[in-house]
Every structure is written in C-alpha cells, then in structure tokens.
K.L.:
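Below you'll find the structure I mean.
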Amino acid sequence: MRVTRRNLIKILAVTIGGAAIGFTILKWQKKVIKRWLMPNLKDGPTDTLEDGILQILLTATETIADVPIDTLHYENLFRWRSENLRGYNNLYNKFARALNSSAKRLTGKDFIGADRETQLRILDKTYQIRMSTGKLNLVRYGIFERDWILFDRYIIRDILRLFIRTDAWIMLGYESWPGKVRGLRRYRVAPGKIKLKSNSLGRQRRSYYV
Amino acid sequence: MSESTVAIVGTGIIGTTFAYLLSKKGYDVVIFEKGPEYPYPHVSQHKEKIRYLYDNPAYRLPKDLKNLTYSGIYSRADREREMVVGGMAIRWEAITLRMTPNDFRTRSLYGYGENWPLTYSDLEPYYCTAEELMGVSGKDSDNPFAPERSKPYPLPSFELGYYDKIFAEMLREHGIVLHTTPQARTRVPYGDRSACVNIGTCFVCPIGARYSPNYHLQKAVQSGLCKVLTNVTVKRIITDKSLEAKTLVYQHNDSRVEKEHHAKVFIVANGAIESARLLLLSADERNPNGIGNESGNVGKNLTFHHMWGGNLKYKEPVYPGRFGGLTGQSHQFLDPPDRGKHGGIKVEFSSNVLAYRRKGSIEQRKGSEIVEYMRLMPHWRRIHLTAESIPDPKKYVKLSDKKDRFGDLFAHVHYESSDFDYESYRFCTDIFKKFAFATKATEAKLGEVDDFDSASHHMGACCMGNDKRKSVVDQFSKIHDSSNLFVAGSGNFPGTSGAINPTLTAVAMAIRIVDYILDQLL
C-alpha cells in the first residue's frame with residue numbers, strides 16, 4: 001500500500017483508538033480481576049456456633065497466640081460474629097474443615113489432636129498470604145487459595161487484633177487492658193503482679209487486682 | 001407542615017443542652033438530626049467496638065449525605081465529625097476547662113484576633129451551671145493558673161496517675177507545674193449516673209460515667225415535650241423580610257418530599273462548618289448571600305486548634321493507658337509573656353498508647369512475635385501540645401461544587417497555617433524540649449508543623465461580635481437583626497477558645513442563651 005498522508009492518518013487514528021479502547025478494557029479488567037482475586041466474605045445465614053467448631057477456633061487462637069491467653073474474649077468474639085454477622089458461621093465451619101483436612105493429611109490426626117508445631121505450620125499459610133507481595137502471588141493465591149485469603153482476612157486478623165488489645169497488654173506488664181473494669185485505685189500506684197489460675201475448662205485464666 | 005415552639009438543628013452537646021433546658025421549662029421542642037439514633041447508655045456500641053471489633057455501619061452516613069471538600073493543608077475535618085444523635089460528644093475526651101479572662105480580650109491585650117462581646121465575668125456563673133449539668137470532676141488547688149470561680153467543682157477530681165505524679169515532681173524541679181485535669185467524668189456517683197470504674201475505652205463509655213449529651217436528650221424526650229427527628233436533613237431556613245425566621249425546610253434522607261416546620265424560635269447548632277453551610281444554603285431573594293451574611297462573614301474566621309503530638313521514650317516503663325481519661329495537664333503556658341507573637345499552649349500527657357506500632361503488629365506471625373514487636377510500648381508516653389490559633393483569610397468555609405443527594409452543595413474547607421501558627425509551633429518546640437529534659441526522656445519526637453490535629457475543635461465560621469460588619473451573630477448567638485434565629489456552639493467563637501478545649505465554654509454560652517430566650521422571646 002502506498003503510504004499517503006490520508007492512509008497515515010487512518011493508521012494513526014486506528015492505532016490511537018485501539019490503544020484507548022484497549023487501555024479502558026485493561027483498566028476495567030484490572031478492577032474485575034483484583035476484585036476476583038481478593039474475595040470478600042460471602043453472604044450466609046447467622047447461626048449458633050457448634051461447640052466442636054468453637055474448640056477448633058480456640059485451639060487455632062492459642063496456637064497463633066503462642067503465649068498464655070485468656071480464651072474467653074476470643075470465644076465471645078467468635079460466637080457473636082457467628083450469631084450476628086452474615087457469612088461468619090459458614091466461614092468458621094469451612095475454616096475448621098480446612099484445618100482438620102490439612103492436619104489429617106500431615107499427621108493422620110484432626111487439628112486439635114495434632115502437635116503444636118503442625119498446627120502452626122498449617123496456620124502459617126495465612127501468614128504467607130498476609131505478607132505476600134507482587135502480582136504473581138496475588139494471582140497464585142487468588143486462584144488456588146481463595147479460601148485461605150478469606151481465613152486470613154476474616155479470622156486470623158481478628159484474632160491478632162484482639163490479642164493486641166488484650167492479652168498482649170498482660171504480656172507487656174500491664175495488670176489489665178482497656179475494656180475491663182480496672183477501678184480507680186490501681187492506676188495511682190505502681191503496677192502490681194499477676195497470678196495465673198485455671199478456669200473450669202482447664203484453660204489458663206488470670207485474676208486481676210482491682 | 002409541623003410546628004413547635006422551638007426548633008433545633010443538630011443533636012450534639014449544644015443542641016441537646018437547649019432541648020433539655022427549654023423542655024424542662026415547659027416548652028415543646030423539635031430537634032432535627034441528619035444522622036441515626038445512637039443508643040444510650042452506649043452499651044451495645046461498647047460491646048460491638050471493643051469486644052467484637054465491629055464498626056457498625058448503622059452509625060455512619062453515606063458519602064452523599066456527609067462529606068466535605070478541601071483545599072489547603074487540613075483534610076480531616078469530616079472524619080472528625082459525627083453525625084449521629086449526640087454528635088461529636090458521643091466520643092469526646094470530656095475535658096472541660098474554662099477559658100481564662102485574658103482569652104476573651106486578645107485584641108486589647110495582645111493585638112491579635114478580636115475581643116469577645118462578653119467577658120469571663122459574664123460567663124462565669126454559666127460555667128458553674130455547665131459544670132453541674134455535665135458532672136465535672138476537678139479541683140483548682142493544684143493549679144495556680146486556674147481562673148477565679150464562684151463555686152467549687154461539683155465532683156472531686158481524678159488524681160494524677162502513678163507516673164504522672166513522678167513526672168509532676170520532676171517537672172516541679174524545673175519550675176513547671178503539672179496538675180490534675182477537670183473533666184466531665186464522674187469521679188463518684190452523680191445523680192443517676194454511676195461513678196467511673198476506669199474501663200478505659202472512654203470514647204464509647206458503656207456506663208455513662210463519661211458525659212454523653214444523649215443522657216440529657218433522653219430526659220428531654222421522657223418529659224414528653226421534646227421530639228427527636230432522626231435521619232432528616234435540614235435544607236434551609238426561610239425568613240421574612242425583617243429577618244424573622246419562619247420556616248425550616250427539611251427532608252427525610254430516604255424521601256423525595258420536602259417538608260416544612262414552623263417555630264417561634266430557631267436554633268442552629270450543628271457544628272461550626274455545617275452551621276455555616278446551612279446559612280449559605282438558605283440564600284434566597286431576601287438573603288441573596290445567605291442568612292446573616294450581609295457582611296460576608298459567614299464561613300470566615302474558621303479556626304482549629306493546632307494540636308501537636310510528641311512522643312517521649314523512657315528508660316523504665318511508664319505504662320501509658322492505665323487510666324482511660326487524662327490526668328496530668330499544665331496550664332502554665334496558656335498566657336505566656338510573648339503572647340501575641342504566638343498563641344498560648346496547653347500541655348497534657350495523653351492516656352493513649354502509641355498506635356504507631358500497631359500497624360506493624362498485625363504483620364507478625366504469632367502472638368509472641370507481636371509482644372516482642374510491641375515490647376517498647378510501655379516505655380513511650382505521648383504528650384499533646386495544643387496551641388490557640390487565630391482567624392486568617394486563608395481559613396474559611398464556603399460552598400463546594402460537589403452536591404449531596406438532594407442536590408445541595410456540600411461545604412468546602414480551606415485551611416492553611418499562618419505566621420502566628422508557625423510561631424506557636426516554635427514555642428511548642430521549646431516547651432516540648434523542656435518537658436523532655438525535665439522528665440529525663442531518652443528520646444523525644446515532636447510532630448511536624450503542618451502535621452497538627454485539630455482535636456476535633458472546629459471554631460469560628462459564624463463568629464460573634466458587637467460589630468455586625470465583622471460578625472454573624474451577637475453575644476447571645478442571635479443572627480444580627482434577626483429576632484428569633486440563633487446559631488450556637490463553638491462556631492460562634494471569634495477565633496479559638498485560647499488553647500483551651502471549647503466545649504465547656506460553648507455549653508456555658510448555650511445556658512446563657514437559654515436565659516436570654518426565656519427572658520426575651522418566650
């Protein structure tokens with residue numbers, strides 16, 4: 001084809017127009033892809049948390065905490081979310097199944113029966129997801145580990161956030177944390193010591209001076 | 001069309017003060033709130049936020065109802081506002097301080113700002129009433145800089161925390177006084193309010209120890225004389241040619257239908273920025289620039305406090321956060337020798353633990369690593385230095401070009417620091433260094449000059465004065481030349497309230513205005 005000025009303008013117009021359309025599609029696709037790779041909690045009915053599921057959640061909590069904790073406030077968190085926020089009951093059930101399935105594959109035992117190291121190794125997947133960077137990882141986890149993305153976002157991060165506000169304070173030397181009744185005497189004297197004692201479930205509970 | 005004797009816009013601490021006191025006197029009141037109901041006592045909110053880590057969307061308005069646009073250096077004003085029943089005081093720190101007599105006369109004494117059209121003596125009896133209303137715990141015996149008072153505090157003070165006492169001793173050796181902090185928090189049971197038990201999550205107090213205006217609003221409603229309309233937007237106020245307010249036009253947030261409400265007295269109390277916005281949106285043939293804006297002053301004189309945060313590190317742990325409120329403050333620098341070149345400064349030790357590490361905490365693998373990451377948290381103490389600021393042409397509110405869901409323009413905030421503010425920062429830096437040295441901090445970091453926080457203290461924008469060429473309202477917060485339209489709250493302040501938290505002053509003024517309304521209008 002002879003390259004006349006008219007032909008050149010036509011070529012340029014097609015190229016620029018095509019690039020603009022392609023860019024728009026790509027940008028739209030990026031949003032769609034990102035939304036698809038970063039899943040949100042699916043809708044589902046609220047319901048009472050089964051005891052067995054709760055025990056698995058609390059075991060996971062103790063494993064992640066890796067220090068003595070009072071499990072009551074985590075229990076309250078899990079129960080409330082299951083009974084009040086749509087989607088959480090299903091997610092907790094799915095999480096418990098995933099933990100049991102992983103544990104059986106590794107040790108032949110369910111999650112609660114597995115040793116602490118195995119439990120942590122299983123839960124580490126959420127840590128890897130939380131710390132992952134780069135588009136390749138985003139795609140990899142988004143395609144192959146969508147459920148674990150949800151487990152990290154809606155379960156593990158909650159556990160860590162609650163730990164930071166509660167038991168971490170005790171480990172740092174405080175007698176108690178904001179959210180508990182602490183009275184008006186203790187803050188005026190030097191911090192005291194804490195005693196550990198077991199509750200009726202055999203889990204460690206703290207007593208607090210008031 | 002509905003009608004009441006008094007119509008109030010905004011259910012924050014000022015609006016609810018009016019509603020409670022006027023209904024107590026037997027007048028029927030309707031109070032309009034753009035946002036939703038916010039249950040009181042705040043038990044469910046406390047459980048949701050603190051125990052269940054749940055930020056309930058029911059208490060947030062969408063962006064097409066609650067929004068601001070910005071230019072300049074400060075873009076946090078909208079986040080600082082709460083549009084629910086109770087307003088910003090649902091989560092305030094409850095620090096209730098009186099301005100000093102000199103704060104009312106900065107033009108005469110120091111050559112900046114404007115003198116208030118009332119004096120400390122005019123307001124003093126109302127400060128006492130405001131303290132009784134909210135249940136303020138305090139004492140002045142340890143504060144040589146406190147202004148004179150005619151009555152003692154209604155409740156005993158919260159004593160200094162263990163480490164604040166140690167700091168107070170160290171500071172005293174360097175000639176600095178650290179004293180207790182008056183606050184609207186019940187040190188002992190007060191009427192039907194229980195005493196504080198130091199739960200520590202004061203921004204959502206579940207037992208009502210930290211004063212919430214919802215407490216008095218509830219009483220007003222229980223009287224049968226106060227009606228609260230929630231989830232409604234007041235769109236404009238209509239006056240007649242003598243500037244007497246006749247009608248308030250409002251719309252339910254989910255409705256397409258405008259409604260009208262008549263009243264004998266109208267009180268706009270929905271915050272400095274939003275009050276200015278409402279006056280501007282009320283422009284019509286009689287008020288082409290907006291109500292009360294003949295002088296062009298609506299929206300001008302916007303001022304924020306400039307609060308800088310400093311972090312001090314100590315060799316030994318000092319355990320911040322063991323008490324939910326504040327204990328140690330210093331008013332020593334409120335009225336410094338060089339005032340005029342810069343503003344007065346209030347210094348306080350915060351109860352907040354340093355949040356800066358929490359962001360990284362969530363990135364740890366397990367709890368023991370989080371504890372290691374947070375290991376130094378008990379060694380850091382945060383200190384706030386709050387500077388007074390003054391109006392400037394570069395600080396104002398106007399209407400935006402962005403519209404809300406009803407097609408009304410949002411407010412636009414333009415805010416820049418002035419030379420006065422930069423000088424105040426230099427003065428703050430000196431004070432901060434003194435505190436760091438006196439308390440033997442091993443590290444000390446102060447925020448950058450433009451990285452200040454307004455402390456949610458939005459002032460001016462509908463300022464008061466005797467000269468209507470320079471102000472919007474008179475000393476009783478009545479629009480100049482209007483007989484029955486009031487715009488009340490810290491938006492009336494001709495500048496900031498010195499370096500002092502504005503709420504007690506705004507409530508005291510509201511009580512004084514009630515007396516005026518009862519005397520002159522009802």
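Note on naming: letters A, B, ... go to the chains in the order of the sequence lines (proteins, then strands), and numbering restarts at 1 for each one.
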K.L.:
Cationic tip of B:Arg382 within the cone over B:Phe349's six-membered ring, i.e. under 6.0 Å and within 45° of the normal?
P.N.:
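Not satisfied by the 6.0 Å and 45° rule.
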K.L.:
Whether the B:Arg51 and A:Asn76 side chains hold a donor-acceptor pair (N or O, under 3.5 Å, no angle test) is what I'd like checked.
P.N.:
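A:Asn76 and B:Arg51 do not have a side-chain donor-acceptor pair below 3.5 Å.
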K.L.:
Are side-chain N/O atoms of B:Thr327 and B:Asp164 paired as donor and acceptor at under 3.5 Å?
P.N.:
yes
K.L.:
Is A:Asp147 salt-bridged to A:Lys125, going by a charged N under 4.0 Å from an acidic O?
P.N.:
no
K.L.:
Checking B:Ile166 against chain A: side chain, backbone, both or neither under 4.5 Å from a heavy atom?
P.N.:
neither
K.L.:
Please rank B:Glu159, B:Lys366, B:Arg322 by heavy-atom pairs under 4.5 Å with chain A and give me the top one.
P.N.:
B:Arg322
K.L.:
Heavy-atom distances under 4.5 Å only: say whether A:Leu85 touches chain B with side chain, backbone, both or neither.
P.N.:
side chain
K.L.:
With a 3.5 Å cut-off and no angle check, do the side chains of B:Thr439 and B:Tyr314 form a donor-acceptor pair?
P.N.:
yes
K.L.:
Is B:Glu82 paired with B:Arg91 through a side-chain N to carboxylate O contact shorter than 4.0 Å?
P.N.:
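A salt bridge is present here (some side-chain N lies under 4.0 Å from a carboxylate O).
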K.L.:
Could you verify whether a donor N or O on one side chain and an acceptor N or O on the other, from B:Asp453 and B:His384, lie under 3.5 Å apart?
P.N.:
no
K.L.:
Between B:Tyr163, B:Phe323, B:Tyr162, which residue shows the highest count of heavy-atom pairs closer than 4.5 Å to chain A?
P.N.:
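Between B:Tyr163, B:Phe323, B:Tyr162, the count favours B:Tyr162.
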K.L.:
Verify the distance criterion only: is there a donor paired with an acceptor across the side chains of B:Asn56 and B:Lys49 at less than 3.5 Å?
P.N.:
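No, no side-chain donor-acceptor pair sits under 3.5 Å.
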K.L.:
So which of A:Leu77, A:Val189, A:Leu160 has the biggest tally of heavy-atom pairs under 4.5 Å with chain B?
P.N.:
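Among A:Leu77, A:Val189, A:Leu160, the one with the most close pairs to chain B is A:Val189.
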K.L.:
Non-hydrogen atoms of chain B under 4.5 Å away: do they reach the side chain of A:Arg161, the backbone, both or neither?
P.N.:
both
K.L.:
Using a cut-off of under 4.5 Å on heavy-atom pairs, state which of A:Asp158, A:Ile64, A:Leu172 scores highest against chain B.
P.N.:
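Option with the greatest count: A:Leu172.
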K.L.:
When you compare the side chains of A:Asp152 and A:Tyr127, does any donor N or O come within less than 3.5 Å of an acceptor on the partner?
P.N.:
no
K.L.:
Which atoms of B:Tyr54 are under 4.5 Å from chain A, going by heavy atoms: the side chain, the backbone, both sets, or neither?
P.N.:
both
K.L.:
If you tally heavy-atom pairs under 4.5 Å against chain B, which of A:Gly173, A:Pro178, A:Ala168, A:Ala190 wins?
P.N.:
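The candidate making the most pairs under 4.5 Å is A:Ala190.
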K.L.:
Between A:Asn84 and chain B, which part of the residue has a heavy atom less than 4.5 Å away: side chain, backbone, both or neither?
P.N.:
neither
K.L.:
Can you pull out the residues in residues 87-123 of chain A with any heavy atom less than 4.5 Å from chain B?
P.N.:
A:Leu120
K.L.:
Could you tell me whether A:Arg79 and A:Asp51 make a salt bridge, using a distance below 4.0 angstrom between a side-chain N and a carboxylate O?
P.N.:
yes
K.L.:
Do you know which of B:His46, B:Arg187, B:Glu369 has the most heavy-atom pairs with chain A at a distance under 4.5 angstrom?
P.N.:
B:Arg187
K.L.:
Among A:Trp80, A:Phe78, A:Phe163, single out the residue with the greatest number of heavy-atom pairs under 4.5 Å to chain B.
P.N.:
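Between A:Trp80, A:Phe78, A:Phe163, the count favours A:Trp80.
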K.L.:
Can you tell me which portion of B:Leu53 sits under 4.5 Å from chain A's heavy atoms? Options are side chain, backbone, both or neither.
P.N.:
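Contact with chain A is through both the backbone and side chain of B:Leu53.
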K.L.:
Closer than 4.0 angstrom, basic N to acidic O: yes or no for A:Arg81 and A:Glu83?
P.N.:
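Not counted as a salt bridge, because no side-chain N and carboxylate O are separated by less than 4.0 Å.
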K.L.:
Is the shortest side-chain heavy-atom distance between B:Phe167 and B:Leu160 below 4.5 Å?
P.N.:
no
K.L.:
Counting only heavy atoms closer than 4.5 Å, note whether B:Cys202 contacts chain A via side chain, backbone, both or neither.
P.N.:
neither
K.L.:
Tell me, for A:Tyr187 versus chain B, whether the close heavy atoms (under 4.5 Å) come from the side chain, the backbone, both or neither.
P.N.:
both
K.L.:
Taking atom types as modelled and ignoring hydrogens, do the side chains of B:Gln329 and B:His331 form a donor-acceptor contact shorter than 3.5 angstrom?
P.N.:
yes
